[in-house]
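Model, not experiment: these values are computed from the prediction. Along the sequence shown, the residues carry numbers beginning at 1. Atom set for the values below is all heavy atoms of this structure, side chains included, hydrogens, waters and symmetry mates excluded.
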Amino acid sequence: MEDARSLAQRLGLPLLDRYDLRDEQFAQLLICESGTRRLQQTGRKAPGPVLADFVSGAVAHRRKFGGGKGQMIAKAVGIKGSIRPRVADVTAGLGRDSFVLATLGCEVQMVERSPIIHALLESGLQQAQNDYEVADIAARMSLVHADSINWLTSQQAEPPQVVYVDPMFPHTDKSALVKKEMRVFRDVVGDDHDSAALLQAALDLVEYRVVVKRPRKAPAIEGQAPSYQLSGKSSRYDIYTLKSLT
């Protein structure tokens, strides 16, 4: 209850000592129970909770069986041989891509501007730090709550070697809302209408390259054209290179 009380005060949200998921007085609830935080939609047909989990489920499976350095994301950020770039994930979301990169040996700075999503990440990272199987991976991850464009402009003294961007963008296809996490993110975060400005801020700062993750058939972000692309079955990486990683 103490975590819920301090979080409610920090975020300026009402504190409930009990809840009923069928009650739609609030569209979503940020639930603090058993040392975890999860975001839960309400209503009779609401999907299950959304949380940042670096210990179990799909993330654990990918950590054990995900393909290591052969993964497309590893190639996109420039992992090869002994090279492990310092990466700033400036659209952290639930941190899954950050965790993959940290699993592969990169130091990863997660930047998230939504206070709600940041609260989920904070909880997930703490759980990972306390788990013996992934504590060493979590030690390579750090988290900051900030607007990414503002954060990037403040990093002139020690710019990241790679900036990783995975923006939300407007959808007209309703099938894109099927996944429960997508629905939650659209309600909480909305679309990233400033992705072009974010890309430019990243290009102005980064030392080696910017990597943008996109749905495979989505257009590139407006502005500078990518140097090259890596495409998979459902997603694509647009890579903007400034100089070779060494």
Please give me the minimum heavy-atom distance between [X] and [Y], naming the atom from each residue.
{"X": "Ala8", "Y": "Leu15", "result": "CB-CB, 4.1 Å"}
{"X": "Val206", "Y": "Pro160", "result": "CG2-O, 3.6 Å"}
{"X": "Leu121", "Y": "Ala92", "result": "CD1-CB, 3.8 Å"}
{"X": "Ile83", "Y": "Gly78", "result": "CG2-O, 3.7 Å"}
{"X": "Gln41", "Y": "Leu21", "result": "O-CD2, 4.4 Å"}
{"X": "Glu207", "Y": "Leu242", "result": "O-CB, 4.1 Å"}

Below 4.5 Å, heavy atoms only, C-beta onward: do [X] and [Y] meet side chain to side chain?
{"X": "Ile221", "Y": "Pro226", "answer": "no"}
{"X": "Leu120", "Y": "Glu112", "answer": "no"}
{"X": "Leu101", "Y": "Pro85", "answer": "no"}

So Arg216 and Ser234, side-chain contact (heavy atoms from CB on, under 4.5 Å) or not? Walk me through it.
-> CA-CA 5 Å; Arg216 187 171 63 87; Ser234 60; 5.7 Å; no

Would you say the side chains of Gln229 and Arg214 form a donor-acceptor pair under 3.5 Å?
->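 Checked: Gln229/Arg214 side chains show no N/O donor-acceptor pair below 3.5 Å.
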
What pairs meet the ring-ring contact (aromatic ring centres under 6.0 Å, His included) rule with one or both residues in residues 92-121, with sequence neighbours excluded?
->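 For residues 92-121, and leaving out neighbouring residues, the ring-ring contact (aromatic ring centres under 6.0 Å, His included) pairs sorted by first residue read Phe54-Phe99, His118-His145.
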
Once rounded to the nearest 0.5 Å, what's the spacing between atom [atom1] of [X] and atom [atom2] of [Y]?
{"X": "Leu125", "Y": "Met110", "atom1": "CG", "atom2": "CE", "value": "5.0 Å"}
{"X": "Ile116", "Y": "Leu30", "atom1": "CD1", "atom2": "CG", "value": "5.5 Å"}
{"X": "Leu39", "Y": "Ile117", "atom1": "CG", "atom2": "CD1", "value": "6.0 Å"}
{"X": "Arg140", "Y": "Thr103", "atom1": "CZ", "atom2": "OG1", "value": "7.0 Å"}
{"X": "Leu230", "Y": "Lys213", "atom1": "CG", "atom2": "NZ", "value": "13.0 Å"}
{"X": "Ile79", "Y": "Leu245", "atom1": "CD1", "atom2": "CG", "value": "10.0 Å"}

Same cluster or not: are [X] and [Y] linked, directly or through other Ile, Leu, Val, Met, Phe, Trp or Tyr residues, by side-chain heavy atoms under 4.5 angstrom apart?
{"X": "Tyr208", "Y": "Val212", "answer": "no"}
{"X": "Val165", "Y": "Val77", "answer": "no"}
{"X": "Met72", "Y": "Val100", "answer": "yes"}
{"X": "Met141", "Y": "Val59", "answer": "yes"}
{"X": "Val144", "Y": "Leu205", "answer": "yes"}

Got more than 12 heavy atoms from elsewhere within 6.0 Å of CD, Gln9?
->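 It does not: Gln9 CD has 12 such atoms or fewer within range.
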
Return yes when atom CZ of Arg22 has more than 12 non-hydrogen atoms of other residues, nucleotides or ligands closer than 6.0 Å, and no otherwise.
->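 Open: at most 12 neighbouring heavy atoms sit under 6.0 Å from CZ of Arg22.
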
Within residues 73-89 or reaching into it, pairs that qualify as side-chain hydrogen bond (donor to acceptor under 3.5 Å, both in side chains) - sequence neighbours excluded |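 For residues 73-89: Asp89-Ser98.
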
Where at least one partner belongs to residues 150-165, residue pairs that pass side-chain hydrogen bond (donor to acceptor under 3.5 Å, both in side chains), sequence neighbours excluded |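 Residue pairs passing side-chain hydrogen bond (donor to acceptor under 3.5 Å, both in side chains), neighbours aside: Asp97-Tyr164.
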
Under the side chain to side chain donor-acceptor pair (under 3.5 Å) criterion, do Asp204 and Gln200 qualify, and how do the steps go?
-> CA-CA 6 Å; Asp204 288 344; Gln200 189 57 56; 2.9 Å; yes

Heavy-atom donor-acceptor pair, [X] side chain to [Y] backbone, under 3.5 Å:
{"X": "Thr241", "Y": "Ser227", "answer": "no"}
{"X": "Gln40", "Y": "Pro47", "answer": "yes"}
{"X": "Arg236", "Y": "Ala218", "answer": "yes"}
{"X": "Arg209", "Y": "Ala76", "answer": "yes"}
{"X": "Gln127", "Y": "Gly35", "answer": "yes"}

Give the C-alpha distance, both sets of side-chain angles, the deciding distance and a yes or no for side-chain contact (heavy atoms from CB on, under 4.5 Å) between Leu199 and Gln224.
-> CA-CA 9 Å; Leu199 173 59; Gln224 180 175 325; 5.6 Å; no

For Asp3, which residues count as a side-chain contact (heavy atoms from CB on, under 4.5 Å) partner, sequence neighbours excluded?
->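 Asp3 satisfies side-chain contact (heavy atoms from CB on, under 4.5 Å) with Ser6, Cys32, Arg37 once adjacent residues are dropped.
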
Can you list the residues that meet the side-chain contact (heavy atoms from CB on, under 4.5 Å) rule with Ala202, with sequence neighbours excluded?
->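 Scan of Ala202 (side-chain contact (heavy atoms from CB on, under 4.5 Å), adjacent residues dropped) gives Leu152, Val163, Val210.
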
Chi angles and distances behind the side-chain contact (heavy atoms from CB on, under 4.5 Å) call for Thr42, Tyr19 = CA-CA 10 Å; Thr42 60; Tyr19 60 88; over 6 Å; no

Only counting residues at least two apart or in another chain, list the ones meeting ring-ring contact (aromatic ring centres under 6.0 Å, His included) with Tyr240.
->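 Here no residue qualifies.
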
N-O pairing of Asp166 and Arg96 below 4.0 Å |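 Arg96 and Asp166: not salt-bridged.
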
Does the side-chain contact (heavy atoms from CB on, under 4.5 Å) test come out yes or no for Ile137 and Arg63, once each step is laid out?
-> CA-CA 10 Å; Ile137 299 171; Arg63 173 172 58 86; 3.6 Å; yes

